[in-house]
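All values below were derived from every heavy atom in this structure, side-chain atoms included, with hydrogens, water molecules and symmetry-related copies excluded. Residue numbering restarts at 1 for every chain, and letters A, B, ... go by the order of the sequence lines.
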Amino acid sequence: MTTNTPQQRITELQLLLNRYGHEYYVLDSPSVPDAEYDRLFRELQTLEQQYPQWVTLDSPTHRVGAAPLSAFQSLKHKVPMLSLSNAFSDMQLSTREQRHAELLQFDERVVKGLACNPVEYATEPKFDGLAISLVYENGLLSYAATRGDGITGENVTENIRTIRSIPLNLLAAPSLLEVRGEVLMLKRDFEQLNLDQAARGEKIFANPRNAAAGSLRQLDSRTTASRRLSFFAYAIAQVEGVNWPSSHQAEMDWLQTLGFALVAPALRPVVHGVDGLIHYYEHVLAQRADLPFDIDGVVYKVNQRTQQNELGFVSRAPRWALAHKFPAEEALTIVEAIEEQVGRTGAITPVARLQAVFVGGVTVTNATLHNEDEIKRKDVRVGDTVIVRRAGDVIPEVVSVVLAQRPMQAGMGTDLFSPGEQPRYPAYQLPSHCPICHSPILREAGEAIARCSGGMVCQAQRSQAIQHFAGRRMMDIDGLGERYIDNLVDLGYVHSVADLYTLKLHDLLEMKRRADERDGVTPESVQKGQIASKWAENLLAGITASTQPSLARLLFALGIRHVGESTAKTLADWLGSLTLIRRAPATLFAVLPDIGDVVAESLANFFAEANNQAALDALLQHVRPVNEHPPAASLLERLQTAALLSKMGIPRLSELRSQQLAAQVDDLVKLASLERRAILNLTLPAEVINELADWLEQAGNRENLLQLAKLTAEILSHLPQQQQAAALTGKTLVLTGSLPNLSREQAKTLIEAAGGKVASSVSKKTDYVVAGAEAGSKLSKAEELGIVILDETGLQTLLATQTP
DNA sequence: AGCCCTCGAGTTCT
DNA sequence: CTCGAGGGCT
């Protein structure tokens with residue numbers, strides 16, 4: 001061996017070890033014995049310790065992990081990690097057409113969209129692991145992130161570095177490359193890990209997926225390094241510096257030459273037409289158990305990129321790809337009881353308590369039965385043997401009852417009970433009264449869900465209202481978990497959300513002590529007391545930290561029916577202040593975008609309730625929304641008399657007629673004060689006039705109109721004086737494809753800030769379409785309709801233009 | 001009147 | 001994640 005400088009030797013060892021590692025972990029064909037690898041590895045470690053100045057980021061020694069983090073940082077994806085549409089095959093059905101109905105539909109849509117048959121599809125197994133995005137800059141792994149919600153993930157770079165089958169530097173280096181793939185644990189590594197864990201008396205993982213997730217979520221990457229994780233690439237999200245390969249298959253082949261691990265080519269063939277897809281599905285399903293890793297289905301992608309672009313996206317999923325899931329694993333168990341849960345809105349949900357059964361990788365003991373009709377349809381009874389599965393691989397569900405195994409019923413000659421006795425296995429009956437507060441349970445006509453009528457009288461609803469209030473997306477009160485809320489409510493320390501803000505340290509400690517006593521938990525020692533007081537201090541800090549929410553969060557936190565995160569934001573953005581919102585009539589709410597009659601009524605009803613107003617007053621003693629502002633300038637056009645009139649629910653008053661009417665009585669006050677005679681003189685079709693006159697004479701309508709008029713005048717007077725319209729006031733834009741520098745969210749925020757509206761689909765009313773890379777069908781539609789199409793620069797220019 | 005999409009609400013387990 | 005309901009558009 002030639003002797004050279006330590007620096008040269010370090011580089012040499014790094015290259016060698018990276019090559020051997022690649023052979024071992026990616027190609028699965030090592031060219032040197034493990035002992036030789038270990039020897040070189042130790043030599044490199046020693047040298048690097050002596051000469052830390054020559055250690056590089058991509059050194060294989062970095063794979064042993066770095067110092068622990070205190071938390072993962074969140075990281076915004078440059079290109080969102082989309083999800084795929086799902087299809088299932090119903091194995092119960094006999095003909096191929098019935099079994100694969102959803103798959104056939106997919107192919108049909110693709111064929112139609114491309115005018116090409118048969119279409120060339122790239123296939124691959126659908127790994128049951130964790131989706132990860134890897135970003136390489138000039139060939140070096142610069143960061144790695146989890147999928148998260150698809151927009152924002154967590155920075156797990158340190159942990160990812162320890163995965164041997166992920167190259168730290170690429171064999172050829174585009175200036176930028178973002179690769180998507182799945183981190184998972186091979187079955188054999190999972191089994192070995194559990195053996196090791198058991199030997200050390202540590203926790204056993206339920207399945208490879210959980211083991212992989214648990215390992216990747218370690219804050220101490222040295223732990224991750226000790227677990228054997230694998231990575232398989234399946235997509236490219238960004239490339240710069242070289243041409244983007246022209247097909248999915250070419251992308252994959254290229255990734256392989258760069259050093260990424262892929263599944264064996266036989267498992268990812270390119271097939272033709274729907275027959276090819278079905279054949280591939282059956283083929284993979286048959287060998288599922290023999291694969292070295294868990295999969296939960298297969299994925300089909302239109303192979304040619306030009307065709308992918310042609311098909312584009314529907315909302316968040318590409319139209320050119322489909323995840324075809326295998327039927328979920330099913331298991332038999334017994335229904336031990338059916339109990340009712342009471343939700344935040346009083347919704348009564350029957351839940352089956354099941355004899356514990358292992359299915360789909362976890363032990364299931366509960367399964368929702370959704371509602372009364374669902375139970376009736378499936379006829380689930382206590383004592384029944386049922387088939388359960390994890391729907392969408394997450395939520396357990398009762399598929400059906402095995403009637404043949406239902407214990408014998410009355411009159412069937414059973415020895416279970418004597419003649420004349422009630423049948424022991426009666427059909428399920430929804431209780432008439434709430435199990436918690438005993439208020440009547442009511443079910444509105446046409447609704448699937450029955451609700452407890454107790455409102456805030458019901459302790460279940462009260463404590464869940466508080467839980468909702470404290471939630472992360474609402475007031476975000478740290479340290480206030482479900483159990484503590486229940487205790488605080490049960491023991492009478494908290495009756496409504498405002499009470500949270502007057503809690504004192506000694507209240508919390510006393511509550512804790514009483515709860516422990518009640519539950520028969522004896523406080524063991526002083527130490528335990530310290531833990532409790534630590535918890536109490538944290539909670540108080542969390543409560544204090546929540547006193548300055550945004551208006552939208554506060555509105556969402558109130559838990560008004562039909563008002564979620566997005567509606568709360570609409571209200572906050574358009575109306576701007578709680579003072580206005582809490583006394584607005586339904587019609588004003590209904591004027592806002594995406595708020596119709598039902599939501600508007602729900603809001604008005606909430607604020608019409610004296611108790612709610614009082615609770616809100618109490619809350620405002622402690623909490624102040626920080627970002628209240630005057631109503632949005634663009635509210636003006638929505639408040640024009642004609643717009644309001646068409647929202648008033650006056651029979652026969654269409655939008656057009658509303659405009660005609662508004663032209664004659666330009667103000668609601670005037671209209672409200674008109675005598676019947678005067679109305680009859682208006683120039684509108686006779687039947688409209690009559691209906692209008694009748695409507696005005698009906699109880700309350702005239703008053704409503706006046707109230708609305710007064711409020712409108714008041715709002716108008718609060719609107720910002722400078723009628724300098726923002727650049728995009730009243731314009732509707734549609735975004736399609738991905739923009740080079742702006743995420744969808746950012747673009748949307750900018751457009752809205754300029755007074756524009758972002759719609760999801762192109763129609764005649766669309767003013768501009770902003771198209772980026774991989775723009776889909778929305779672009780072609782825009783072209784058809786002759787709508788102005790902008791790129792990102794065009795959008796920026798437009799935003800910068802101030803129309804007077 | 002009917003279709004498509006988005007939003008809200010409910011749920012399980014680690 | 002999934003269902004159902006509400007809202008907006010054709």
Rounded to the nearest angstrom, tell me the gap between atom [atom1] in [X] and atom [atom2] in [N].
X: R443(A); N: dA5(C); atom1: CZ; atom2: P; value: 10 Å
X: L592(A); N: dG6(C); atom1: CG; atom2: P; value: 18 Å
X: R390(A); N: dC1(C); atom1: CZ; atom2: C1'; value: 11 Å
X: F358(A); N: dC13(B); atom1: CZ; atom2: P; value: 13 Å
X: H370(A); N: dT11(B); atom1: NE2; atom2: P; value: 9 Å
X: R561(A); N: dG10(B); atom1: CZ; atom2: P; value: 9 Å
X: H468(A); N: dA9(B); atom1: NE2; atom2: C1'; value: 10 Å
X: D594(A); N: dC4(B); atom1: CG; atom2: P; value: 19 Å

| message | Does a side-chain N or O of R344(A) approach OP1 or OP2 of dA9(B) to a distance below 4.0 Å, or not? | response |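 For dA9(B), OP1 or OP2 has a side-chain N or O of R344(A) closer than 4.0 Å.
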Quiz item: With respect to the phosphate group of dT12(B), does any side-chain polar atom (N or O) of T368(A) fall under 4.0 Å of OP1 or OP2?
Solution: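 For dT12(B), neither OP1 nor OP2 has a side-chain N or O of T368(A) closer than 4.0 Å.
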Side chain of [X] only, please: which of [options] is the nearest?
X: N366(A); options: dG8(B), dC13(B), dT11(B); answer: dC13(B)
X: T365(A); options: dC13(B), dG6(C), dC7(B); answer: dC13(B)
X: V351(A); options: dG6(C), dG10(B), dT12(B); answer: dT12(B)
X: T567(A); options: dG8(B), dG6(C), dT12(B); answer: dG8(B)
X: V362(A); options: dT12(B), dG8(C), dC13(B); answer: dC13(B)
X: V598(A); options: dG6(C), dT12(B), dG8(B); answer: dG6(C)
X: I395(A); options: dT11(B), dT14(B), dG10(B); answer: dT11(B)

#### Entry: Residue whose closest nucleotide on DNA chain B lies nearer the 5' end, Q341(A) versus S566(A)
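Upstream on the strand: S566(A).
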If you draw a 6.0 Å radius around [atom1] in [X], do more than 12 non-hydrogen atoms from other residues or ligands fall strictly inside?
X: K378(A); atom1: NZ; value: yes
X: R472(A); atom1: CZ; value: no
X: N366(A); atom1: CG; value: yes
X: R582(A); atom1: CZ; value: yes

(Q) Taking any heavy-atom pair under 4.0 Å as a contact, classify I449(A): base, sugar-phosphate, or nothing. (A)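 Contact class for I449(A): none.
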message: Using a heavy-atom cut-off of 4.0 Å across all strands, would you classify E565(A) as base, sugar-phosphate, or nothing?
response: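 The answer is sugar-phosphate, as E565(A) gets under 4.0 Å only of primed atoms, P, OP1 or OP2.
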Q. What do the steps show when you test H324(A) against F106(A) for ring-ring contact (aromatic ring centres under 6.0 Å, His included), and what is the final call?
A. CA-CA 10 Å; H324(A) 194 177; F106(A) 166 72; 9.4 Å; no
